[in-house]
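Below is one structure, written out as structure tokens; comments come after it.
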Amino acid sequence: MNSLDANWRDDALDLELDYGMQTIAVRAGQHRTDEGEHSEAIFTTSSYVYHSAADAAGHFDGTKTGNVYSRHTNPSVRTFERRLAALENGERAVATASGMGAILTMCLAYLKAGDHLLAANQLFGSSIGLFNNYIAKFGVEVSYVDCFDNEAWANAVRPNTKVIYCESPSNPLAQICDIGYLSKLCKANDILLVVDNCFATPALQRPLDLGADVVIHSATKYLDGQGRVLGGALVGSDKLMQEAFTVIRSGGISMSPFNAWVFTKGLETLKLRMQAHCDNANQVAHFLVNHPNVSTVHFSGLSDHPSHELTKRQHHMKDGFGAIMGFEVKPSATHDTKSAAWHVIDSTKMVSITNNLGDAKTTITHPATTTHFRLSAQERAEAGVKEGLIRLSVGLEDVEDIIKDLARGLDSL
């Protein structure tokens, strides 16, 4: 018997051949069982059966490669990991229970007491909370710079800097990092570059191709695309992913087989959905930027956005600038900036008021009092989260209906 189990060797799609992204999204990563199923199976099992005691021992000591226990090896999860890795042009992916679980795994795998984590100011509030309240507690130094300020990144590097971490686009202002520049900076200083690609997805951007070492995903968002289940992932080289895998194996930050199956099916339509999301977002952004009660629109798809040209270079989909944007409303005679933002949000009749994003349904939230409310006022200011800021995740409804729903509140300020 081959020491590598067949279900770890076989793939329904030969990735050595030059397939396009949509073909990979539909077919990569699957291993068909003896039942010959066309759609991917869901393996809802906690454990596995061996041929003999020696066979079991071989799986546990590593002389055989195969399923051991679903906390760290499961066929449904492995299919999702293989497909996502292929889409990101990575050697391997490791799935986690949530996006925050992926970020925690990254910290545990690549940082230790005495190391320095350098991150962007413009991050999801929970990421900042994790770094400041927990990772720092275990002796890791943490500092922040503006994500778009290359000189600030270079000046903030220390001899003990081991990881540079950024979101590009960022949450909630959709700001863009120069990943190529950061890659050169990291390679010159023996630092790992970790990029959260949640907002762009591999349909728009492949950070590994731009020089990143590790890609992070909250699969909960666009990889699912319909707001159904929680999950996360890391993608990178075999060596780096093995370090992440050992964290999952020991720490139990594992993705469930059912959730992995949902994500695998979500990947089939990722590129198609992202094109439609971007088309809608481009139109919504132009509506907002021309509305008299909107002061600022944070969206790199606008030609006068400072990162417009950089985004065009980094995002490989034509006119694909993502579908997340922040916009700031003006105060009025009857509303200060916070109440004006709340008025716009509360006036919607179709758009969902929720902190989730990347859904087929358009969602809207007030970051200062939801996703970033646990941050101090100073931390919110450094992240650009103002009282009048609204975050919008543009969905797949008819774009005219999205615009009309936003106009209800904006027109009545």
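- In this structure, the side chain of D336 does not engage the main chain of P331 through any donor-acceptor pair within 3.5 Å.
- Under a 4.0 Å N-O distance rule, the pair R408/D405 qualifies as a salt bridge.
- The CG atom of L192 sits 9.5 Å away from atom CE of M106, with the distance rounded to the nearest 0.5 Å.
- The two residues V329 and A341 come nearest to each other via the heavy atoms CG2-N, 3.5 Å.
- Residue F124 comes nearest to T371 through the heavy atom pair CE1-CB, 3.9 Å, listed as atom of the first residue, atom of the second, then distance.
- Within the 3.5 Å criterion, the main-chain N or O of G129 finds a donor-acceptor partner in the side chain of N133.
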Exercise for review: May I have the step-by-step check of side-chain contact (heavy atoms from CB on, under 4.5 Å) for L185 and I191, ending in yes or no?
Suggested key: CA-CA 8 Å; L185 178 66; I191 299 168; 5.7 Å; no

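- In this structure, OH in Y110 is found 12.5 Å from OH in Y165, a value given to the nearest 0.5 Å.
- Geometric assessment of R92 against the ring of F245 yields a positive cation-pi assignment under the 6.0 Å and 45° thresholds.
- Using a distance-only test at 3.5 Å, with no hydrogens or angles considered, a donor-acceptor pair links the side chain of T105 to the main chain of G101.
- Minimum interatomic distance between L240 and V214 (heavy atoms only, all atoms of both residues): CD1-CG2, 3.9 Å.
- Judged by distance alone, the side chains of T33 and E37 do bring a donor and an acceptor atom under 3.5 Å apart.
- The environment of NZ in K361 is sparse: at most 12 heavy-atom neighbours from other residues, nucleotides or ligands sit within 6.0 Å.
- Residue L389 is tested with H298, H366, R380 for a side-chain contact (heavy atoms from CB on, under 4.5 Å); the sole match is H298.
- Using a 4.5 Å heavy-atom threshold, the side chains of H315 and M317 count as separate.
- For the pair S307 (side chain) and L310 (backbone), a donor-acceptor distance under 3.5 Å is absent.
- Contact detail for A97 and S254: the closest heavy-atom pair is CB-O, 3.2 Å.
- Checking S352 against T363 by side-chain atom types alone, no donor-acceptor pair falls below 3.5 Å.
- Ring pair H308/F321: centre-to-centre distance below 6.0 Å.
- Within the 4.5 Å cutoff, the side chain of L111 has no heavy atoms near those of the F138 side chain.
- Under the 3.5 Å distance criterion, the side-chain polar atoms of W153 are left unmatched by any main-chain donor or acceptor of L182.
- Residues Q205 and T201 fail the side-chain proximity criterion, which asks for heavy atoms closer than 4.5 Å.
- For the pair I103/M100, a side-chain contact is recorded, criterion being any heavy-atom separation below 4.5 Å from C-beta on.
- Contact between Y48 and S70 at its shortest, heavy atoms only, is OH-OG, 2.7 Å.
- When all heavy atoms of N132 and A136 are compared, the closest pair comes out as O-CB, 3.5 Å.
- The distance from the OG1 atom of T269 to the NZ atom of K265 is 10.0 Å, given to the nearest 0.5 Å.
- By the 4.5 Å heavy-atom criterion applied to side chains, L392 and I324 are not counted as neighbours.
- Side-chain atoms of T264 come within 3.5 Å of backbone atoms of A260 as a donor-acceptor pair (strictly under, hydrogens ignored).
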Practice item. Please assess D279 against Q283 for the test side chain to side chain donor-acceptor pair (under 3.5 Å), listing each intermediate value before the final yes or no. Key: CA-CA 7 Å; D279 290 346; Q283 294 183 63; over 6 Å; no

Practice item. Please assess V195 against C177 for the test side-chain contact (heavy atoms from CB on, under 4.5 Å), listing each intermediate value before the final yes or no. Key: CA-CA 9 Å; V195 177; C177 295; over 6 Å; no

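- Side-chain N/O atoms of N121 and D146 include a donor and acceptor closer than 3.5 Å.
- Under the 3.5 Å distance criterion, the side-chain polar atoms of K404 are left unmatched by any main-chain donor or acceptor of V399.
- Note that CG of L87 and CZ of R82 are 14.5 Å apart. Values are rounded to the nearest 0.5 Å.
- Taking OG of S183 as the start and CG of D178 as the end, the distance is 10.0 Å to the nearest 0.5 Å.
- For H217 and Y222, the gap between ring centers reaches or exceeds 6.0 Å.
- H291 places no side-chain N or O within donor-acceptor distance of the main-chain N or O of F287, the cut-off being under 3.5 Å.
- Sequence neighbours left out, the pairs with a member in residues 382-400 that pass side chain to side chain donor-acceptor pair (under 3.5 Å) are N171-R391, T362-E397, Q378-E382.
- No side-chain donor-acceptor contact under 3.5 Å links N197 and E167.
- For D190, the CG atom counts as loosely surrounded, since its 6.0 Å shell holds 12 or fewer non-hydrogen atoms of other residues, nucleotides or ligands.
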Exercise for review: Evaluate the side chain to side chain donor-acceptor pair (under 3.5 Å) criterion for residues H116 and S143: first the C-alpha distance (whole Å), next the side-chain angles of each, then the deciding distance (0.1 Å), finally the verdict.
Suggested key: CA-CA 8 Å; H116 173 228; S143 61; 2.6 Å; yes

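- Under the 4.0 Å criterion applied to side-chain N and carboxylate O atoms, R27 and E268 are not assigned as salt-bridge partners.
- E40 has a carboxylate O that lies under 4.0 Å from a charged side-chain N of R83, or vice versa, which qualifies the two as a salt bridge.
- Inspection of the N67 and R78 side chains reveals an N or O donor paired with an N or O acceptor under 3.5 Å.
- At least one side-chain heavy atom of I179 sits under 4.5 Å from a side-chain heavy atom of L193.
- In terms of modelled atom types and a separation under 3.5 Å, the side chain of Q175 and the main chain of S170 share no donor-acceptor contact.
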Review point. Would C198 and I216 count as a side-chain contact (heavy atoms from CB on, under 4.5 Å) if you check the C-alpha gap in whole Å, the side-chain angles of each, and the deciding distance to 0.1 Å?
Key: CA-CA 7 Å; C198 173; I216 294 279; over 6 Å; no

Exercise for review: Could you give me the CA-CA distance, side-chain angles and deciding distance for R249 and T73, then say whether side-chain contact (heavy atoms from CB on, under 4.5 Å) is met?
Suggested key: CA-CA 9 Å; R249 183 179 62 198; T73 52; over 6 Å; no

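- Two residues are said to be in side-chain contact when any heavy atoms from C-beta on lie closer than 4.5 Å; L223 and L84 meet this criterion.
- Side-chain contact of S412 with H343: a donor-acceptor pair under 3.5 Å is present, judged by distance alone.
- Checked by atom type and distance alone, the side chain of Q122 pairs as donor or acceptor with a backbone atom of C147 at under 3.5 Å.
- Atom CZ of F148 is separated from atom OG of S168 by 12.0 Å, given to the nearest 0.5 angstrom.
- Between F263 and V229, some side-chain heavy-atom pair lies under the 4.5 Å cut-off.
- In this structure, R158 places its CZ atom where more than 12 heavy-atom neighbours from other residues, nucleotides or ligands lie under 6.0 Å away.
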